Amino acid sequence: MCFEVSPPRNGNSVLDDDARRVGMARRVTAARLRYCGLEALVDDTILIVSELVTNAIQHGDGAQITLTMTVRDGFVRLAVRHETTGRPVVCHADDDAERGRGLFLVDRLTAAHGGTWGTSDAGTSTWCTLTVPDGRP
């Protein structure tokens, strides 16, 4: 799935149109997982998709984002590609902070599902894998 986002801007706010695109990415992901018989992964996977797509919108330099999802060899693999000038890193937000936990959540959720996450060498793609429960394809 590839979609346009608002031009890069200062600040961490997400415009309404872009927020709707995050919701669209969540719905498409959930539908694909259900189609594959992977209902057990829906809740955590759509949270991961929300965090990765929102991060790409907030910190990316381009006007286009691509989300891919594959189910193969016992894993679900998600990747969000966008133009950026740096690599995303896990932050340790203060208890009262309203932001800064996205990649921490991705890290914890992928680990809970026997998976991993990372970024491409150039930082243009953030990906994660989740183990498919019950040995499904």
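These numbers come from a predicted model, not from an experiment.
Side-chain contact between Thr68 and Leu78 is absent, with no heavy atoms from C-beta onward closer than 4.5 Å. Gln64 places none of its side-chain heavy atoms less than 4.5 Å from the side chain of Phe3. A 4.5 Å side-chain heavy-atom check between Val49 and Val28 finds every atom pair outside the cut-off. Between Trp117 and Thr126, some side-chain heavy-atom pair lies under the 4.5 Å cut-off. Residues Thr116 and Thr110 form no side-chain contact, since every pair of their non-hydrogen atoms from C-beta on lies 4.5 Å or further apart.
Residues Glu4 and Ala63 share a closest heavy-atom pair of OE1-O, 3.0 Å. Closest approach of Leu109 to Leu47, counting heavy atoms only: CD1-CD2, 3.6 Å. Shown here for Arg21 and Val5, the closest heavy-atom pair between the two residues is CD-CG1, 4.3 Å. Nearest heavy-atom pair, Glu39 versus Arg34, reported as atom, atom and distance to 0.1 Å: OE2-O, 3.6 Å.
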Open item on the list: As a quick check of understanding, evaluate side chain to side chain contact (heavy atoms under 4.5 Å, CB included) for Leu33 and Met69, giving each step before the final call.
Closed with: CA-CA 9 Å; Leu33 289 170; Met69 182 173 86; 4.2 Å; yes
Open item on the list: Between Met24 and Met1, does the side chain to side chain contact (heavy atoms under 4.5 Å, CB included) criterion hold? Intermediate values first, please.
Closed with: CA-CA 10 Å; Met24 175 191 64; Met1 161 190 331; 3.8 Å; yes
TODO: For side chain to side chain contact (heavy atoms under 4.5 Å, CB included), just list the numbers for Val76 and Val132, CA-CA rounded to whole Å, side-chain angles, deciding distance to a tenth of an Å, and then say yes or no.
DONE: CA-CA 6 Å; Val76 172; Val132 172; 4.0 Å; yes
TODO: Could you check Ile48 against Leu130 for side chain to side chain contact (heavy atoms under 4.5 Å, CB included), going step by step and ending with a plain yes or no?
DONE: CA-CA 10 Å; Ile48 290 168; Leu130 307 170; 4.0 Å; yes
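Here the CG atom belonging to Asn55 is positioned 9.5 Å from the CD1 atom belonging to Ile65, to the nearest 0.5 angstrom.
Remark: the backbone N or O of Ser125 is paired with a side-chain donor or acceptor of Ser120 at under 3.5 angstrom.
Checking Asp44, Thr45, Thr129, Thr131 one by one against His113, the side-chain hydrogen bond (donor to acceptor under 3.5 Å, both in side chains) holds for a single residue, Asp44.
The closest side-chain donor-acceptor pair between Thr70 and Arg77, if any, does not fall under 3.5 angstrom.
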